[in-house]
Amino acid sequence: MKKMDCVRWAFHYGSWFPTQSEWIRATQCVQPEEKTRIARFVYKRDAKAAICGRLLLRKCVQEMLQIPFEDIEISRTEKGKPVLTNQLPESLANFSMNISHQGGYAVLAADKHRLIGTDVMKVEWARGEKTVQSFFQTMSRQFTTMEWSFIRQPSSDWEQLRRFYRLWCLKESYVKALGVGIGFELQKINFLIRTSELNTEFVVRDTQVMVNGILETDWIFEETMLDDCHCVAVAIRTRNKEQTDNLEIDKTSKFKHLTLHDLVWTVEPIFEPDLENWKLFDSKNENQFVQHNS
């Protein structure tokens, strides 16, 4: 594929504890309504996740579409999916981008010509659950009988959790690409897993999806691990066999891990510094469970 026809980016906001200058700079680079929304988060971790997602989107639009940073306008659909509101030429009518943030990562996937959705999940023990099996019981309606069989194949709880979150990523990436939100009945979707395990070295593309019992042949799913405990999936809707074949050529494409420098110091800020916004952010706890002293 041509350079910048598609991107896969990840940023580890979980290890970012902003200094005053870093946070002020970041807030200078997002739209005012987003800055206001981000300021309402109770915990720093959520605010960081949200602002990193917006910065990824803006950087993506600037680099892929060559729109000046200060002219980029991103809004949301009724279901919350980010959409670019700038007028684009007909050749870019199918441009699609999507973000996700969970655990410690914010990720972005974008494509100039294909519908796309992405999701990232941290493989972890569910808070408040005594056992993995009780957690699975709570989530029983989210997966099909075939999917639960795949999840429960390994003998260890940890390996079962890895498979659970992998399938959750796949389902979320699919419904996010469609833009239908969490109201979609997930039991209608059945994923057929061909490669049983994921790792950080390879991108798996042989998973298929059935919807209401019918195999959907116009979807490709990219899956990989960002690290030992974060899985990520990208759902890509193709329109013809040529697009599918072209997508299969690039076997080495993986998420590029960006730095803070990539996000905020390579672009020109579009607003004046806001010290009060920093003071509000700095007064908050890191998250509900752990406080980080900035």
Side-chain angles (χ1 to χ4, degrees), residues 1 5-8 77-83 92-100 102 107-121 136 139-153 162-198 202-226 231-255:
M1 297 184 70
D5 272 4
C6 65
V7 298
R8 308 285 185 268
T77 66
E78 289 184 2
K79 299 294 185 179
K81 184 177 181 179
V83 290
L92 294 173
N94 294 314
F95 172 73
S96 179
M97 61 183 178
N98 197 226
I99 56 170
S100 177
Q102 200 275 333
V107 300
L108 172 140
D111 197 294
K112 281 186 177 179
H113 309 294
R114 304 169 182 88
L115 185 65
I116 207 161
T118 190
D119 195 64
V120 60
M121 290 296 295
F136 287 169
M139 305 297 292
S140 61
R141 295 185 179 182
Q142 307 306 321
F143 298 101
T144 66
T145 300
M146 183 182 297
E147 290 169 335
W148 277 118
S149 177
F150 172 75
I151 289 170
R152 290 193 165 103
Q153 278 178 4
R162 281 172 64 94
R163 293 189 175 199
F164 171 90
Y165 284 111
R166 175 184 177 181
L167 278 166
W168 189 264
C169 261
L170 284 165
K171 296 209 174 196
E172 285 290 325
S173 69
Y174 177 77
V175 299
K176 287 177 69 179
L178 293 175
V180 295
I182 59 175
F184 195 91
E185 293 183 35
L186 295 183
Q187 278 231 355
K188 292 182 177 180
I189 314 169
N190 184 62
F191 280 94
L192 309 175
I193 305 294
R194 311 298 184 189
T195 301
S196 59
E197 302 301 331
L198 302 178
F202 299 99
V203 178
V204 170
R205 291 187 179 84
D206 56 5
T207 294
Q208 293 179 294
V209 67
M210 298 179 70
V211 180
N212 291 322
I214 300 173
L215 184 66
E216 298 281 313
T217 58
D218 56 345
W219 287 89
I220 289 177
F221 297 90
E222 297 178 346
E223 301 176 83
T224 191
M225 299 292 293
L226 296 177
C231 57
V232 62
V234 180
I236 310 147
R237 188 171 196 172
T238 61
R239 296 193 305 277
N240 53 53
K241 187 178 186 299
E242 181 182 356
Q243 282 194 345
T244 302
D245 290 344
N246 287 340
L247 203 61
E248 288 290 338
I249 292 172
D250 188 5
K251 294 291 186 181
T252 61
S253 71
K254 293 190 291 186
F255 273 79

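Computed from a prediction, not measured in an experiment: that's the story for all the values here. Atom set for the values below is all heavy atoms of this structure, side chains included, hydrogens, waters and symmetry mates excluded.
Partners of Gln142 according to the side chain to side chain contact (heavy atoms under 4.5 Å, CB included) rule, which considers only residues two or more places apart in sequence or in another chain, are Met139, Trp168, Leu186. Remark: Glu197 pairs with Arg163 by the salt bridge (charged side-chain N to carboxylate O under 4.0 Å, His left out) rule, at least two apart or across chains. Judged as a side chain to side chain contact (heavy atoms under 4.5 Å, CB included), and not counting sequence neighbours, the contacts of Thr77 are Lys79, Lys81, Val83.
For an aromatic pair to be called close, the ring centres must be under 6.0 Å apart, and Phe150 with Phe191 fails this. Between Phe143 and Phe136, the ring centre distance reaches or exceeds 6.0 Å.
Two residues are said to be in side-chain contact when any heavy atoms from C-beta on lie closer than 4.5 Å; Arg237 and Asn94 fail this criterion. Put simply, the side chain of Leu115 reaches to within 4.5 Å of the side chain of Trp219, judged on heavy atoms. Contact annotation: the side chain of Arg166 approaches that of Ile193 to within less than 4.5 Å [non-hydrogen atoms, C-beta and beyond]. Between Asp119 and Gln102, every side-chain heavy-atom pair lies at or beyond the 4.5 Å cut-off.
Glu172 and Ser100 are not linked by any side-chain donor-acceptor pair at a separation below 3.5 angstrom, with hydrogens and angles left out of the test.
The two residues Ala233 and Ser173 have their closest heavy-atom pair at O-CB, 3.8 Å. Of all the heavy atoms in Val209 and Leu215, the pair that sits closest is O-CD1, 3.5 Å. Between Ala235 and Phe221, the closest heavy-atom pair is CB-CE2, 3.5 Å. Taking every heavy atom of both residues into account, Lys254 and Val203 meet most closely at CG-CG2, 3.5 Å. Scanning all heavy atoms of the two residues, the minimum distance from Leu198 to Arg162 falls at O-NH2, 3.2 Å.
Between Val234 and the options Asp111, Thr118, Asn98, a side-chain contact (heavy atoms from CB on, under 4.5 Å) holds for only Thr118.
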Between Arg205 and Ile236, does a side-chain contact (heavy atoms from CB on, under 4.5 Å) hold up when you go through it step by step? CA-CA 11 Å; Arg205 291 187 179 84; Ile236 310 147; over 6 Å; no
Go through the steps to decide whether Val211 and Tyr174 satisfy the test side-chain contact (heavy atoms from CB on, under 4.5 Å), and finish with yes or no. CA-CA 11 Å; Val211 180; Tyr174 177 77; 3.3 Å; yes
Verdict with supporting geometry, Arg194 and Val204, side-chain contact (heavy atoms from CB on, under 4.5 Å): CA-CA 9 Å; Arg194 311 298 184 189; Val204 170; over 6 Å; no
Would you please test Leu192 and Met146 for side-chain contact (heavy atoms from CB on, under 4.5 Å) and show each step? CA-CA 8 Å; Leu192 309 175; Met146 183 182 297; 3.4 Å; yes
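The distance from atom CG of Leu167 to atom OG1 of Thr207, rounded to the nearest 0.5 Å, is 8.5 Å. Rounding to the nearest 0.5 angstrom, the gap separating the NZ atom in Lys112 from the CG atom in Leu92 is 6.0 Å. How far NZ of Lys176 is from SG of Cys169: 9.0 Å, rounded to the nearest 0.5 Å. Interatomic distance, His113 NE2 to Thr238 OG1, rounded to the nearest 0.5 Å: 13.5 Å. Considering CG of Asn190 and CD of Glu147, their distance stands at 4.5 Å, rounded to 0.5 Å. How far CD of Glu216 is from CG of Asp218: 5.5 Å, rounded to the nearest 0.5 Å.
A donor-acceptor pair under 3.5 Å is formed between the side chain of Thr224 and the backbone N or O of Phe202.
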